[in-house]
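In what follows, a single structure is set out as structure tokens and then discussed.
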Amino acid sequence: MPRRSRNRAYAQSVRIIAGTWRGRRLTFPRGTAVRPTPDRVRETLFNWLREDVEGARCLDLYAGTGALGLEALSRGAREAVLVESDGALAGALEANARMLAANARIVRATAERFVDRPTDPFDIVFLDPPYAVSLEPIIARLPTLLRANGLVYVERAARDGLPKGGLLEWRKSGHAGAVSYGLATLAA
């Protein structure tokens, strides 16, 4: 259940689970379509990434609350780029990054537009889009976004499951309630 805040515009929050900013709350506005990754799922994900997140350059597409990218920074990632198209959420991301003095760059753009821009490759890419969004166009761009042996986290509705075949080779996967999630590399 979201924590109540005195500021009605920012009545929702999600907490950082571990690392430098353990227990800090990331606030985000009401009335957005954001669906934060549950704490239990984030804890599992970052247990999987334990040896990979330190010093990593991370991309959080469809950032929403920024919980994935900011959690990575809290646990030792070098840099995080958080991409969000919703103006209210992008503003909240900027405020949360300032509050934490995080090495995060907030980009207000659609994920599809961002992946068409030239960029240095990332070590970890987080893909947690709205469930109705097709991931195939983004997955097709992963070879230009990831370093060799880079990792991709994907979160989808359990009823849809994780993408099968194609470019992703699943290393680990799980289910929690209505969520399917997994960690993959690019298939050889």
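Values reported hereafter were calculated over all heavy atoms of this structure, with side chains retained and with hydrogens, waters and symmetry mates removed.
The aromatic rings of Tyr153 and Phe126 sit perpendicular, their planes meeting at an angle over 60°, well past the 30° parallel limit.
Under a cut-off of 6.0 angstrom, the local environment of CG in Asn47 is crowded, with over 12 non-hydrogen atoms contributed by other residues, nucleotides or ligands. Other residues, nucleotides and ligands place more than 12 heavy atoms under 6.0 Å from the CZ atom of Arg78.
Remark: side-chain polar atoms of Arg156 are paired, donor with acceptor, to backbone N or O of Tyr131 under 3.5 angstrom. For the pair Asp60 (side chain) and Gly69 (backbone), a donor-acceptor distance under 3.5 Å is present. Glu155 places no side-chain N or O within 3.5 Å of a backbone atom of Tyr181 that could act as its donor or acceptor partner. With hydrogens and angles disregarded, a donor-acceptor distance shorter than 3.5 Å links the side chain of Ser74 to the backbone of Ala18. Panel note: side chain Trp48, backbone Gly182; no donor-acceptor pair is recorded below 3.5 Å. Proximity of a side-chain donor or acceptor of Asp123 to a complementary backbone N or O of Gly150 within less than 3.5 Å is not detected. Judged purely by atom type and a 3.5 angstrom limit, Glu71 uses its side chain to pair as donor or acceptor with the backbone of Ile17. Distance alone, capped at 3.5 Å, places no donor-acceptor pair between the Thr119 side chain and the Val115 backbone. For the pair Thr27 (side chain) and Ser13 (backbone), a donor-acceptor distance under 3.5 Å is absent.
Ionic pairing of Lys164 and Glu169 is not present here: no N-O contact between side-chain nitrogen and carboxylate oxygen is shorter than 4.0 angstrom. Under a 4.0 Å N-O distance rule, the pair Arg147/Asp120 does not qualify as a salt bridge.
Contact between Ile124 and Ala56 at its shortest, heavy atoms only, is CD1-CB, 4.0 Å. Nearest heavy-atom pair, Pro143 versus Leu186, reported as atom, atom and distance to 0.1 Å: CA-CD1, 3.7 Å. Listed here is the closest heavy atom pair of Ala67 and Val14: CB-CG1, 4.2 Å. Pairing each heavy atom of Arg108 with each of Asp86, the nearest pair is NE-C, 4.3 Å. Heavy-atom minimum distance, Ala140 versus Leu167: CA-CD1, 3.8 Å.
With contacts defined as side-chain heavy-atom distances shorter than 4.5 Å, the pair Val152/Leu183 does not qualify. In this structure, the side chains of Arg117 and Val107 come closer than 4.5 Å at one or more pairs of heavy atoms. Side chains of Thr185 and Arg171 form a contact here, defined as non-hydrogen atoms less than 4.5 Å apart. Residues Leu142 and Thr144 are not in side-chain contact: their nearest non-hydrogen atoms beyond the backbone lie 4.5 Å or more apart. Side-chain contact between Glu112 and Ile138 is present, with at least one heavy-atom pair separated by less than 4.5 Å.
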What's the verdict on side chain to side chain contact (heavy atoms under 4.5 Å, CB included) for Leu70 and Leu26, showing C-alpha distance, side-chain angles and the deciding distance? CA-CA 9 Å; Leu70 293 171; Leu26 306 173; 3.8 Å; yes
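Scanning for side-chain hydrogen bond (donor to acceptor under 3.5 Å, both in side chains) contacts around Asp39 gives Arg15, Arg42, with sequence neighbours left out. Scanning for side chain to side chain contact (heavy atoms under 4.5 Å, CB included) contacts around Ser85 gives Thr110, with sequence neighbours left out.
Here CH2 of Trp21 is found 5.0 Å from CG of Leu73. Values are rounded to the nearest 0.5 Å.
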